[in-house]
Structure formats: C-alpha cells, structure tokens
Amino acid sequence: GESVGLHLPTLSVQEGDNSIINCAYSNSASDYFIWYKQESGKGPQFIIDIRSNMDKRQGQRVTVLLNKTVKHLSLQIAATQPGDSAVYFCAESFRAGGTSYGKLTFGQGTILTVHP
Amino acid sequence: SAVISQKPSRDICQRGTSLTIQCQVDSQVTMMFWYRQQPGQSLTLIATANQGSEATYESGFVIDKFPISRPNLTFSTLTVSNMSPEDSSIYLCSVEDLASGGIWTQYFGPGTRLLVL
C-alpha cells in the first residue's frame with residue numbers, strides 16, 4: 001500500500017554537509033526504485049534509480065542505497081548545496097521481467113532545507 | 001529524456017465547473033500517466049493513459065470524474081469534472097522514457113495547480 005502523510009518529515013543541514021534521506025517502501029516484490037526531487041512550483045525531477053539486483057548506485061554527488069531485507073532505501077547527497085533544498089520522494093515499482101511498464105507508488109516525501 | 005509541457009500551469013475555478021488539462025510531449029511515448037498531488041502530500045496515480053484504448057483507472061478514481069483522452073502518442077488530456085474544493089491539487093502528467101543505463105523510467109511535467117473555490 002501507499003504511505004501518504006499530512007506532515008512531511010524535514011531535514012535541515014548546513015551547506016557543505018552530507019545529507020541522508022531515508023525511505024521505507026511497502027511492497028517486498030518491488031524491483032525498481034527511483035528518487036525524485038521536487039522544487040517549489042515544479043514537477044518531480046528524476047535524480048537516480050536502482051534495480052533490486054543492486055544494493056548501491058552512484059551518480060553525480062548522489063548515492064542510492066537499497067536494503068531489501070528491511071525494505072529500506074536511502075539517498076545520500078554529498079556536499080549539500082542551497083540548490084538542493086527541495087522535497088525528495090522515493091518511488092517503487094514492480095516490473096517483473098524488465099518490462100517498460102510499471103506503476104509507481106510514491107513515499108511520503110522529505111523536506112530538505114540547506115542553510116548557507 | 002522527453003520534454004513535457006502542461007497547460008494551463010495554474011487555474012482558479014468555481015465549484016461545479018470542469019477543467020481540461022493538456023499534456024504535450026516532444027517525442028512519441030507509449031505510456032503516459034496522470035497523478036494528483038494534494039497540498040502538502042505525495043503523488044497518487046489517477047490513471048494510465050493508453051493510446052487507442054480507454055484509460056486504466058486506479059482504485060478511488062473513476063472515468064466520470066476524471067475523463068482522459070489519448071488521441072496520439074504525444075498528447076493527452078485530463079478533465080476534472082464537476083469540481084469541488086476537495087479537487088484543489090496539483091495535477092501532473094508523466095511519461096515513460098529511457099533513462100541512462102537503458103531502463104525505462106518516468107519523467108514528469110511541470111504540473112497544473114488547480115484551486116477550486
């Protein structure tokens with residue numbers, strides 16, 4: 001099922017610090033996961049994704065970690081900048097066999113605020 | 001990735017009226033989706049818009065309230081019918097496209113911000 005809350009968790013960090021945003025997903029059969037960044041007044045922006053056959057994937061300044069045992073996903077942002085301030089959502093999908101179609105179920109989101 | 005635009009970007013509507021939201025993509029895509037994001041909340045899938053067939057609706061959403069058209073592979077519309085203040089939300093269009101690494105993933109449009117009075 002979905003996790004939708006009225007009050008989003010918040011994370012405040014200082015510029016230059018590393019940030020870790022966590023997400024607990026609901027479906028143990030999910031095999032594809034995405035992190036999105038949503039800035040105020042904009043649509044969600046794709047950041048990074050990971051398949052269930054991996055436990056870590058790195059991008060530019062971002063790393064996603066997947067722990068299938070406890071159904072936990074995290075997004076690490078290195079050297080956080082004020083421009084990273086946004087709401088971050090994780091999303092999960094089940095797409096057995098690697099088919100292109102998979103409905104996304106979104107987590108509740110985390111508000112990241114970066115202080116200069 | 002595909003470039004997605006939506007019209008209108010925002011609107012203020014009176015209860016009982018209907019609003020049609022347009023989603024335009026700069027390339028042909030098979031899968032298009034419509035989401036709702038209520039104030040301060042996460043995204044909820046309304047329906048999957050299939051070209052050449054009826055949309056597939058998620059639990060809690062019905063065609064009479066949210067009729068969808070998908071006339072071709074680059075365009076879709078979502079209508080919010082007989083609106084009430086509870087329909088005040090951001091409505092988002094997304095498409096499936098290839099990401100780096102060869103995985104199909106979803107990209108989102110900028111959203112339509114709807115306020116119903």
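First the proteins, then the strands, lettered A, B, ... as listed; each starts at 1.
- Considering only heavy atoms from C-beta on, B:Tyr35 comes within 4.5 Å of A:Leu104 through its side chain.
- At a 4.5 Å heavy-atom cutoff, A:Gln45 makes no contact with chain B through either its backbone or its side chain.
- Ring planes of A:Phe106 and B:Phe108: perpendicular class, angle over 60° (limits at 30 and 60°).
- By the rule that hydrophobic residues join a cluster once side-chain heavy atoms approach within less than 4.5 Å of another member, B:Val80 and B:Phe61 end up as members of one cluster.
- Within the 4.5 angstrom heavy-atom criterion, only side-chain atoms of B:Gln37, from C-beta onward, approach chain A.
- A single hydrophobic cluster is seen to contain both A:Ile48 and A:Leu66, as judged by linkage of ILVMFWY side chains at heavy-atom distances under 4.5 Å, directly or through other members.
- In the displayed structure, B:Arg10 atom CZ is contacted under 6.0 Å by at most 12 heavy atoms of other residues, nucleotides or ligands.
- Hydrophobic cluster membership is shared by A:Leu75 and A:Phe33, with clusters built from Ile, Leu, Val, Met, Phe, Trp and Tyr side chains linked at under 4.5 angstrom.
- Of the inter-residue distances, the one linking B:Met31 atom CE with A:Lys103 atom NZ reads 10.5 Å to the nearest 0.5 angstrom.
- Put simply, the side chain of B:Ser42 gets close to the backbone of A:Gly107: a donor and an acceptor are under 3.5 Å apart.
- For A:Glu15, the CD atom counts as densely surrounded, since its 6.0 Å shell holds more than 12 non-hydrogen atoms of other residues, nucleotides or ligands.
- If you take CZ on A:Phe89 and CG on B:Leu43, they are separated by 6.0 Å, rounding to the nearest 0.5 Å.
- To the nearest 0.5 Å, the span separating CG on A:Asp49 from CH2 on B:Trp104 amounts to 13.5 Å.
- B:Tyr57 and B:Met32 fall into different hydrophobic clusters, defined by Ile, Leu, Val, Met, Phe, Trp and Tyr side-chain heavy atoms under 4.5 Å apart, directly or through other members.
- The minimum heavy-atom distance between B:Leu92 and A:Pro44, with the atom names listed, is CD2-CD, 3.9 Å.
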